[in-house]
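The structure under discussion appears below in the form of structure tokens.
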There are 2 protein chains.
Amino acid sequence: MFRLSRGAEYAVRGILYLSITYSEEKVSVIEEISKAQDVPLPYMAKLFQSLARKGFVKSFKGQKGGFVLSKHPKDISLLDVIEAMEGPIFLNVCLIHDGYCPRDKVCPVHDVWGEAQRVFVDYLRKYNFERLAVSAEKKVRVSTGKAKRRS
Amino acid sequence: MFRLSRGAEYAVRGILYLSITYSEEKVSVIEEISKAQDVPLPYMAKLFQSLARKGFVKSFKGQKGGFVLSKHPKDISLLDVIEAMEGPIFLNVCLIHDGYCPRDKVCPVHDVWGEAQRVFVDYLRKYNFERLAVSAEKKVRVSTGKAKRRS
DNA sequence: ACAAACAAGACCATTTCTATCCTGATTTAA
DNA sequence: TTAAATCAGGATAGAAATGGTCTTGTTTGT
């Protein structure tokens with residue numbers, strides 16, 4: 001089943017939220033993030049623990065605590081976040097590592113998967129969160145009918 | 001988890017086997033197919049029941065029974081077989097159908113997934129089993145050191 | 001000292017995946 | 001007509017992944 005897990009999807013949303021508010025230099029608490037991105041709060045809390053351990057966000061305890069990105073949004077790719085949550089991407093078990101599959105020498109599909117994976121992974125790597133945050137703001141402007149003021 | 005299921009992988013192998021022997025106009029029994037492709041026999045048997053119901057293979061009962069492809073290998077794509085076993089490919093739940101995701105109007109990642117899926121699916125559709133069977137034969141020749149006789 | 005936050009781990013229900021097994025129906029050949 | 005070969009269909013089952021909750025602790029600012 002070629003499907004993004006909920007966990008990874010939620011993590012992407014969380015990082016996206018922090019990317020959009022990044023320039024404001026504020027810390028965001030989990031409740032705020034989970035409400036804004038429509039993710040169950042306790043689940044989001046768990047996800048952010050994991051994102052903190054993996055170095056995507058910095059956490060602060062206590063009053064005035066919360067989360068901030070620990071890198072610039074432009075230095076975080078979609079691939080980074082997805083692989084952080086799901087582990088490395090392998091479209092087929094036969095690609096887990098070179099030589100893993102005893103049939104790869106005679107299997108014509110092996111190469112097909114290899115190439116598909118390369119294309120897919122490269123594609124996800126192309127998107128960083130600065131870029132996504134900009135698109136998000138554009139989309140919101142369009143969908144709420146707020147045109148950009150003409151200069 | 002972006003991973004091909006075992007079931008789909010085995011189905012691909014099964015169809016591949018029948019594609020390679022297609023021109024010989026023989027029926028193959030499940031035991032032969034499962035041994036050749038190194039798949040647990042009872043599992044392969046189940047898979048072929050399903051492949052038969054879905055029109056990929058014709059089955060014959062009784063002595064001299066077995067399976068044959070019901071279409072020419074060139075008319076079966078990798079995508080066909082995979083979707084038959086796993087259902088339609090959606091890289092993200094948000095793509096299940098237009099309007100399914102309430103956030104797609106403001107979510108910048110939605111379009112990224114849409115495009116990635118289009119590329120991926122088109123890629124799998126490009127490969128038909130005639131092509132794969134030919135590659136397989138080439139690979140076997142190379143790996144067994146049997147060079148093609150020079151004309 | 002208290003309240004607001006995150007940290008960590010246990011826990012749990014559901015679904016999916018992988019696979020097996022048993023019984024039955026059909027066909028061919030002896 | 002009987003036996004053997006072969007597929008059909010359904011039930012079952014264990015393991016893993018998924019998605020999510022809860023409880024208990026720790027840290028920090030006021």
Side-chain angles (χ1 to χ4, degrees), chain A residues 1-14 18 26-35 37-70 82 85-90 92-93 96, chain B residues 1-14 18 26-35 37-70 82 84-90 92-94 96:
Chain A
M1 270 249 283
F2 298 104
R3 194 101 75 236
L4 186 73
S5 69
R6 221 69 175 195
E9 158 84 13
Y10 291 164
V12 167
R13 287 196 209 170
L18 293 186
K26 59 170 277 211
V27 295
S28 308
V29 301
I30 276 295
E31 194 182 358
E32 170 194 346
I33 303 172
S34 77
K35 272 187 182 153
Q37 294 295 314
D38 203 27
V39 171
L41 189 143
Y43 199 8
M44 194 61 129
K46 271 277 147 239
L47 283 179
F48 265 75
Q49 274 180 35
S50 158
L51 288 171
R53 273 193 299 261
K54 285 162 182 157
F56 288 90
V57 298
K58 273 181 296 198
S59 69
F60 303 96
K61 293 183 177 177
Q63 279 182 343
K64 303 279 177 177
F67 295 89
V68 294
L69 286 186
S70 47
I82 291 171
M85 302 314 297
E86 309 204 338
I89 289 176
F90 304 115
N92 192 341
V93 284
I96 284 184
Chain B
M1 271 251 281
F2 298 104
R3 196 101 75 237
L4 186 72
S5 70
R6 219 71 175 193
E9 159 84 13
Y10 291 164
V12 167
R13 288 195 208 170
L18 293 186
K26 58 171 277 213
V27 295
S28 309
V29 301
I30 276 296
E31 195 183 357
E32 170 194 347
I33 303 172
S34 77
K35 272 187 182 151
Q37 294 294 313
D38 202 28
V39 171
L41 190 145
Y43 199 9
M44 194 61 129
K46 272 275 149 243
L47 284 179
F48 265 74
Q49 273 181 34
S50 158
L51 288 171
R53 275 194 298 261
K54 285 163 182 157
F56 288 90
V57 297
K58 274 181 295 198
S59 69
F60 303 95
K61 292 183 179 178
Q63 278 182 342
K64 304 276 177 180
F67 295 90
V68 293
L69 286 186
S70 48
I82 291 170
M85 303 313 298
E86 309 203 338
I89 289 177
F90 304 115
N92 192 341
V93 285
C94 71
I96 285 183

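Residue numbering restarts at 1 for every chain, and letters A, B, ... go by the order of the sequence lines.
In terms of polar N and O atoms assigned as donor or acceptor, the side chain of Lys46(A) never comes within less than 3.5 Å of the base of dG20(D) in a complementary pairing. With hydrogens and angles left out, the side chain of Gln49(A) and the base of dA8(C) share a donor-acceptor pair within 3.5 Å.
Distance Arg53(B) CZ to dC7(D) C1': 12 Å, rounded to the nearest Å. Nucleotide dA17(D) holds its P atom 13 Å from the CZ atom of Arg6(B), rounded to whole Å. Protein atom CD of Gln63(A) is 12 Å distant from nucleotide atom C1' of dA1(C), rounded to whole Å. Between Phe2(A) atom CZ and dT18(D) atom P the separation is 14 Å, expressed in whole Å. Going from atom OH of Tyr43(A) over to atom C1' of dA17(D) covers 10 Å, rounded to whole Å. One can place CD of Glu9(B) at 18 Å from C1' of dT16(C), the figure rounded to the nearest angstrom. Rounded to whole angstrom, the span from the CD1 atom of Ile30(A) across to the P atom of dG20(D) amounts to 15 Å. Nucleotide dC6(C) holds its P atom 13 Å from the CG atom of Leu51(A), rounded to whole Å.
One distance of note links OH of Tyr10(B) with CG of Asp38(B); it measures 8.0 Å at 0.5 Å rounding. Taken to the nearest 0.5 Å, the CE atom of Met1(A) stands 11.5 Å off from the CD1 atom of Ile89(B). The structure places CZ of Arg6(B) at 8.5 Å from CG of Asn92(A), a figure rounded to the nearest 0.5 Å.
Pro40(B) comes within 4.0 angstrom of the backbone, heavy atoms only, and of no base. Residue-level contact check: Phe67(A) touches the backbone only, with heavy atoms under 4.0 Å from sugar-phosphate atoms and none from bases. Phe48(A) comes within 4.0 angstrom of no nucleic acid atom, judged by non-hydrogen atoms across all strands.
Residue whose closest nucleotide on DNA chain D sits further toward the 5' end, between Leu4(A) and Ala45(B): Ala45(B). When each of Lys61(B) and Ser59(A) is assigned the nucleotide of DNA chain C bearing its nearest heavy atom, the one mapping closer to the 5' terminus is Ser59(A).
With Glu86(A) contributing its side chain and Ser5(A) its backbone, the two residues share a donor-acceptor pair below 3.5 Å.
Taking only side-chain atoms of Val29(B), from C-beta outward, the nucleotide of dT6(D), dA3(C), dA29(C) with the closest atom is dT6(D).
A sub-4.0 Å separation between OP1 or OP2 of dG20(D) and a side-chain N or O of Tyr10(A) is present. Listed pair Arg3(A) / dT16(C) fails the phosphate criterion, with no side-chain N or O lying under 4.0 Å from OP1 or OP2.
At a threshold of 4.5 Å between non-hydrogen side-chain atoms, the residues Lys26(B) and Ser28(B) count as touching.
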